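Notes to accompany the following structure.
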Amino acid sequence: MRNIAEAYFQNMVETATPLEQIILLYDKAIECLERAIEIYDQVNELEKRKEFVENIDRVYDIISALKSFLDHEKGKEIAKNLDTIYTIILNTLVKVDKTKEELQKILEILKDLREAWEEVKKKV
């Protein structure tokens, strides 16, 4: 079932506008981070630890992709600020001793950024 959902998501991303793709990527990062936070306290169990790491890895990959999409020439200050935010998020995600509170803060940031992109979409 997971493969079907991932294929559906992949199709959505491929057929969306660039702005919609950004929002979809935020949605997926938020979903994965929420799941990682949900199972954070159960990481001593091997299966939960594996799932936690997989979700954190997905968030890392998505944020890395968003960071690589930044156009510093056109985006100027906004691109610079997003680059800084993404770098902080990536640095936190790779920490071995990251706390649940740090992950929750990242989740808040991602939700705020997603909301901001949704506002941009409404105005375009």
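Residues: numbered from 1 along the sequence shown. Predicted model, so just to flag it, every value in this text is computed and none were measured.
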Drop me the distance from [X]'s [atom1] to [Y]'s [atom2], to the nearest 0.5 angstrom.
X	Y	atom1	atom2	answer
Glu101	Leu107	CD	CG	13.0 Å
Leu25	Trp117	CG	CH2	11.0 Å
Glu118	Asp27	CD	CG	8.0 Å
Arg49	Glu51	CZ	CD	12.5 Å
Lys76	Asp71	NZ	CG	9.0 Å
Thr92	Ile56	OG1	CD1	10.5 Å

Using a cut-off of 6.0 Å, state whether more than 12 heavy atoms not belonging to [X] lie near its atom [atom1].
X	atom1	answer
Leu19	CG	yes
Glu73	CD	no
Lys74	NZ	no

Next on the checklist: Assigning hydrophobic clusters by single linkage (Ile, Leu, Val, Met, Phe, Trp, Tyr; side-chain heavy-atom cutoff under 4.5 Å), is Ile88 placed with Ile63?
Outcome noted: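 No, no single cluster joins them.
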Next on the checklist: Could you check whether any side-chain heavy atom of Leu93 comes within less than 4.5 Å of a side-chain heavy atom of Leu103, counting everything from C-beta outward?
Outcome noted: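 In short, these two side chains touch, coming nearer than 4.5 Å.
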Checklist entry - Should Asp57 and Phe52 count as side-chain neighbours, where that means a heavy-atom distance under 4.5 Å? => result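 Side chain of Asp57 against side chain of Phe52, heavy atoms only: no contact under 4.5 Å found.
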Checklist entry - Do you know which two heavy atoms are closest between Leu110 and Ala29, and how far apart they sit? => result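 Closest pair (atom of Leu110, atom of Ala29, distance): CD1-CB, 4.2 Å.
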Checklist entry - Can you name the closest pair of heavy atoms from Leu70 and Ala79 and give their distance? => result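 Shortest heavy-atom contact: CD1-O, 3.6 Å.
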Check side-chain contact (heavy atoms from CB on, under 4.5 Å) between [X] and all other residues, then give those that pass, not counting sequence neighbours.
X	value
Glu115	none
Glu77	Lys80, Asn81
Ile109	Ile85, Ile89, Lys105, Leu113

Item to check | Salt-bridge contact Glu31-Arg58 (side-chain N to carboxylate O under 4.0 Å) | outcome: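 Between Arg58 and Glu31 there is no salt bridge, as every charged N stays at least 4.0 Å from the carboxylate O atoms.
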Next on the checklist: One thing to verify: whether Lys111 and Glu34 come together as a salt bridge, which I'm taking to mean a side-chain N less than 4.0 angstrom from a carboxylate O.
Outcome noted: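 Between Lys111 and Glu34 there is a salt bridge, with a charged N closer than 4.0 Å to a carboxylate O.
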Scan the side chains in residues 37-47 for donor-acceptor partners under 3.5 Å anywhere in the protein, sequence neighbours excluded, and list what turns up.
residue : atom : partner : partner atom : Å
Glu38   : OE2  : Arg35   : NH1          : 2.4
Tyr40   : OH   : Lys98   : O            : 2.9
Asp41   : OD2  : Lys100  : NZ           : 2.9

Next on the checklist: Among Ile22, Thr17, Ile23, which residue satisfies the side-chain contact (heavy atoms from CB on, under 4.5 Å) criterion with Glu20?
Outcome noted: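 Among the candidates, only Thr17 passes.
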Checklist entry - Partners of Asp61 by salt bridge (Lys or Arg N to Asp or Glu O under 4.0 Å), sequence neighbours excluded? => result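 So Asp61 forms no salt bridge (Lys or Arg N to Asp or Glu O under 4.0 Å) with any residue.
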Checklist entry - Do any pairs count as a ring-ring contact (aromatic ring centres under 6.0 Å, His included) and have a residue in residues 63-97, sequence neighbours left out, and if so which ones? => result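 Residue pairs passing ring-ring contact (aromatic ring centres under 6.0 Å, His included), neighbours aside: none found.
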